[in-house]
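Below is one structure, written out as structure tokens; comments come after it.
Values in this document were obtained by computation on a predicted structure and should not be read as measured data. Here is the naming used below: chain letters follow the sequence lines, and residue numbers restart at 1 for every chain.
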Number of protein chains: 2
Amino acid sequence: MRIGQLAQLVGVETQTIRFYEQQGLLPPPDRQDNGYRVYTEKYGEGLAFIRRCRILGLSLAEIHELQSYQDDPHQPCTAVNALLDDHISHVRSQITALQALEKQLVSLRASCNDDREVEACGVLAGISEGNMHQQ
Amino acid sequence: MRIGQLAQLVGVETQTIRFYEQQGLLPPPDRQDNGYRVYTEKYGEGLAFIRRCRILGLSLAEIHELQSYQDDPHQPCTAVNALLDDHISHVRSQITALQALEKQLVSLRASCNDDREVEACGVLAGISEGNMHQQ
DNA sequence: TAAAACTATAAAGCTACTATAAGGTCAATA
DNA sequence: TATTGACCTTATAGTAGCTTTATAGTTTTA
């Protein structure tokens, strides 16, 4: 299997596969005589694992960490769970921050309507005045 | 006022000020004979405006857009409000996406406990199996 | 006077790719 | 046979919004 087929199979771009290989997230595959990369089906599983982790919002560094755990399968999986817990709390704090931001934006937006001139725009005035600590 | 004082006043790094200037978000200030930038207090208002926009999650491009509206104060502020509406809906979709992600992460985390070996880790198994479409 | 603190510019680094350039390989077609 | 098209290769640059580093000149302080 060449890189294009693998890419189609997993649903990524060929450059992404080369990029992961370059970043050390995927092992260098065998090459044909002409230099083309050749992949086994099993290789696709590793790639799919990375993609699922990315969809879950894990960074490449975190994925690398998970892979290092997989290399040593008889240690307790405490660290894996801890990584996920950290990630969950990170996602939660993002949500909280965005919700606060939404409130602020909505209240800012409510301070204006479309019938004004820029000079009197409540939105711009709101940003300029800097009363942004009203939570 | 030199760049360090301005930076302290507004609460940014000096490099950030130079960066905004370079990006055209701030006008080039006067220079002393030695080449040092000199700022007025009023200049700080423009900088503070940018920072507040950034805190609201606006991109530098959006800030640039807002500035262009400010340059023409007698047009209706429809565009300003539209920009903010777009941004609000962007923030809302981010929140929705993150909430879905959180659910997925929590359910993944619930599939394991700390008493297992990596080999049997429910989290890693969950990612590897790829049953990630269960919403 | 010498060190510490400030300023300047330019360039690289960060994340996770994506896009572009310039070229080599292969199978099918005109 | 020549060439077109689809595929592959590497290397490099671009994205956002800074931050960091390098190198050097200037001012302030001890």
Side-chain angles (χ1 to χ4, degrees), chain A residues 1-26 28-39 43 46-67 83 86-87 90-91 94 97-98 101, chain B residues 1-26 28-39 43 46-67 83 86-87 90-91 94 97-98 101:
Chain A
M1 189 192 259
R2 294 191 315 199
I3 198 168
Q5 295 166 274
L6 178 63
Q8 202 169 13
L9 188 71
V10 181
V12 298
E13 306 256 338
T14 55
Q15 298 103 311
T16 305
I17 298 173
R18 292 193 199 99
F19 173 74
Y20 289 155
E21 179 189 334
Q22 187 201 324
Q23 299 296 305
L25 290 167
L26 288 172
D30 288 339
R31 301 278 185 142
Q32 288 177 352
D33 290 346
N34 57 16
Y36 288 14
R37 292 172 176 80
V38 197
Y39 299 97
Y43 196 100
L47 177 53
F49 179 85
I50 296 175
R51 289 313 300 176
R52 289 192 213 102
C53 287
R54 292 292 301 132
I55 288 168
L56 293 172
L58 298 176
S59 69
L60 298 191
E62 288 169 322
I63 296 170
H64 207 81
E65 204 180 323
L66 287 183
Q67 288 178 334
L83 192 155
D86 279 358
H87 189 58
H90 180 232
V91 168
Q94 274 186 205
L98 282 173
L101 177 59
Chain B
M1 190 194 264
R2 295 193 313 200
I3 197 169
Q5 294 166 276
L6 177 64
Q8 201 169 15
L9 188 70
V10 181
V12 297
E13 304 257 338
T14 55
Q15 299 100 311
T16 305
I17 299 173
R18 292 193 199 100
F19 173 74
Y20 288 155
E21 179 189 334
Q22 186 201 325
Q23 298 297 304
L25 291 167
L26 289 171
D30 288 340
R31 301 279 185 142
Q32 290 177 352
D33 290 346
N34 56 17
Y36 287 15
R37 292 172 176 80
V38 197
Y39 299 96
Y43 196 99
L47 177 52
F49 179 84
I50 296 175
R51 289 312 300 176
R52 288 192 213 101
C53 288
R54 292 292 301 133
I55 288 167
L56 291 173
L58 298 176
S59 68
L60 298 191
E62 288 170 322
I63 296 170
H64 207 81
E65 204 180 323
L66 287 183
Q67 289 178 334
L83 191 155
D86 280 357
H87 189 57
H90 180 231
V91 168
Q94 274 187 208
L98 283 172
L101 177 59

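- Between Ile3(A) atom CD1 and dC7(D) atom C1' the separation is 11 Å, expressed in whole Å.
- Using a 4.0 Å cut-off, no side-chain N or O of Arg37(B) falls inside it from OP1 or OP2 of dT7(C).
- Of the two residues near DNA chain D, Thr16(B) and Gln5(A), the one whose nearest nucleotide lies more 5' is Gln5(A).
- Atom pair Leu26(B):CG and dG17(D):P shows a separation of 14 Å (rounding to whole Å applied).
- Summarising the local packing, CG of Asp30(B) is surrounded by 12 or fewer heavy atoms from other residues, nucleotides or ligands at distances under 6.0 Å.
- Atoms CZ (Arg2(A)) and C1' (dC7(D)) sit 6 Å apart, rounded to a whole Å.
- For His90(A) and dT15(C), the NE2 to C1' distance is 13 Å, given to the nearest whole Å.
- For the pair Leu47(B) CG and dG17(D) C1', the computed distance is 15 Å after rounding to whole Å.
- Between Arg18(A) and dA11(D) there is no side-chain polar atom (N or O) within less than 4.0 angstrom of OP1 or OP2.
- Side-chain proximity of Arg31(A) to the nucleotides dT9(D), dT25(C), dC18(D) is greatest for dT9(D).
- Checked by atom type and distance alone, the side chain of Arg54(A) pairs as donor or acceptor with a backbone atom of Leu58(A) at under 3.5 Å.
- Whole-Å rounding puts the Tyr20(A) OH to dT15(C) C1' distance at 11 Å.
- Rounded to the nearest 0.5 Å, atoms CD (Gln67(B)) and SG (Cys53(B)) are 8.0 Å apart.
- Between the side chain of Glu62(B) and the backbone N or O of Leu83(B) there is no donor-acceptor pair closer than 3.5 Å.
- The side chain of Ser59(A) lies closest to dA16(C), out of dA8(C), dA16(C), dC17(C).
- Here the nucleotide nearest the side chain of Tyr36(A), chosen from dT27(D), dC7(D), dA16(C), is dC7(D).
- Looking at His64(A) and Gln23(A), their side chains never come closer than 4.5 Å, going by heavy atoms from C-beta outward.
- Residue Asn34(B) has a polar side-chain atom (N or O) positioned under 4.0 Å from OP1 or OP2 of dT27(D).
- Nearest nucleotide to the Gln15(A) side chain, out of dT9(D), dT27(D), dT18(C): dT18(C).
- Over its full length, the helix from dT1(C)-dA30(D) to dA30(C)-dT1(D) turns its helical axis through 30°, comparing axes from the five pairs at each end and rounding to 10°.
- Among the nucleotides dC7(D), dC18(D), dC17(C), the one closest to the side chain of Arg54(B) is dC18(D).
- Between Gln32(B) atom CD and dT27(D) atom C1' the separation is 10 Å, expressed in whole Å.
- Heavy-atom neighbours of Gln8(A) CD from other residues, nucleotides or ligands within 6.0 Å: at or below the threshold of 12.
- Atom pair Asp33(A):CG and dG24(C):P shows a separation of 18 Å (rounding to whole Å applied).
- Tested against Ile17(B) for a side-chain contact (heavy atoms from CB on, under 4.5 Å), the candidates Ile3(B), Val10(B), Ile50(B) yield a single pass: Ile3(B).
- When distances are taken from the side chain of Glu13(B) to each of dT27(D), dG17(D), dT19(D), the shortest belongs to dT19(D).
- For the OP1/OP2 pair of dG17(D) and a distance below 4.0 Å, the side-chain nitrogens and oxygens of Arg51(B) include no atom meeting the criterion.
- Proximity note for Leu60(B) (side chain, C-beta onward) versus dC18(D), dC6(C), dT9(C): the nearest is dC18(D).
- Looking at Arg2(A) and Arg37(A), their side chains never come closer than 4.5 Å, going by heavy atoms from C-beta outward.
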